[in-house]
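Below is one structure, written out as structure tokens, with a few remarks after it.
We count ligands from 1, going down the list as the structure has it; atoms in each ligand are counted the same way. The shown structure was predicted, so the numbers you read here are calculated from the model rather than taken from an experiment.
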Amino acid sequence: MDVDVRPALASDLPFMTEMTATAAFWKDDAPSTRVDELMESPDLAHYIAGWPLPGDVGVIAEADQPVGAAWFRFFTADDPGYGFVDPTIPEVAIGVRSAWRGQGVGRRLLAALITAASEAGVAALSLSVEVDNGARLLYEQLGFTRVGEAEGEITMLLRLET
Ligand SMILES: CC(C)(COP(=O)(O)OP(=O)(O)OC[C@H]1O[C@@H](n2cnc3c(N)ncnc32)[C@H](O)[C@@H]1OP(=O)(O)O)[C@@H](O)C(=O)NCCC(=O)NCCS
């Protein structure tokens, strides 16, 4: 089945909340069951709560239904994401439904998000990935480099041409 990549809309909030759980509980076989847990955790809920906030940009991969999402959001030093670098650099979140992984969907989503970030005049994107998550390979392939590491989490950064 063909997969299209389109801009994320306000109506994508429920799916993106599921994808936030997919990213946060990536070792879990059934992350969609963790959505309630996610929304009770401020450190996780702030990646998606109130979507779309000013500055938020996202993309959705869609077959007959959404199968993946990638987006970025700006954070502050008072309320940082796990991959916080500074308030001018938004942080990426990404997830693909398990049945659709390993088919290039994540790469297309992240590439589209990088393009959207450049078009929005964003100077760089950051993200956080656990050291043992293979997603790190994808980030490295698209140019992200390691800028920090603490407690098993790597912070990666991609500087953009604006
Ligand atoms: C990470 C994720 C978004 C990647 O999406 P995907 O559609 O599976 O990725 P792609 O098929 O586009 O893979 C692109 C590259 O990423 C690498 N990659 C991605 N995830 C990987 C994994 N878990 N293990 C090993 N390599 C992986 C591969 O090297 C692949 O390159 P290749 O095609 O040359 O082999 C998806 O696997 C996912 O949702 N995982 C669970 C949630 C998660 O971990 N989110 C990130 C939290 S930081």
Candidates I114, V5, L110 - the one meeting side chain to side chain contact (heavy atoms under 4.5 Å, CB included) with V59: V5

Part of [X] within contact of ligand 1 (heavy atoms, under 4.0 Å):
X	value
N133	side chain
S128	backbone
Y139	side chain
Q103	backbone

Quick one: nearest non-hydrogen protein atom to [atom], plus distance?
atom	answer
atom 16 (O) of ligand 1	L138 CB, 3.2 Å
atom 11 (O) of ligand 1	G104 N, 2.8 Å
atom 36 (C) of ligand 1	R101 CD, 3.6 Å
atom 7 (O) of ligand 1	G106 N, 2.7 Å
atom 34 (O) of ligand 1	R107 NH2, 3.3 Å
atom 29 (O) of ligand 1	Q141 NE2, 3.4 Å
atom 25 (C) of ligand 1	G134 CA, 3.8 Å
atom 2 (C) of ligand 1	V96 CG2, 4.6 Å

Sub-4.0 Å atoms of ligand 1 with respect to non-hydrogen atoms of [X]:
X	answer
G95	39 (O)
V105	7 (O), 12 (O)
G102	6 (P), 7 (O), 8 (O), 11 (O)
I94	3 (C), 45 (N), 46 (C)

[X] versus [Y]: any side-chain heavy-atom pair under 4.5 Å?
X	Y	value
Y139	L158	no
I48	M39	yes
T22	R101	yes
V3	W100	yes
Y47	L38	no

Could you see if [X] belongs to whatever hydrophobic cluster contains [Y]? Use Ile, Leu, Val, Met, Phe, Trp, Tyr and a side-chain cutoff under 4.5 Å.
X	Y	value
M156	L138	yes
V92	Y82	no
L113	L157	no

Look at atom CZ of R6 and say whether more than 12 heavy atoms of other residues, nucleotides or ligands are closer to it than 6.0 Å. yes

Around E151, counting heavy atoms of other residues, nucleotides and ligands shown, do more than 12 lie under 6.0 Å from its CD? no

I'd like to know if atom 48 (S) of ligand 1 has any protein heavy atom within a distance of less than 4.0 Å. yes

Does the protein place a non-hydrogen atom closer than 4.0 angstrom to atom 13 (O) of ligand 1? no

Ignoring hydrogens and angles, state whether a donor on the side chain of T76 or D78 is under 3.5 Å from an acceptor on the partner side chain. no

Best match, A21, G83, A135: closest heavy atom to atom 1 (C) of ligand 1: A135

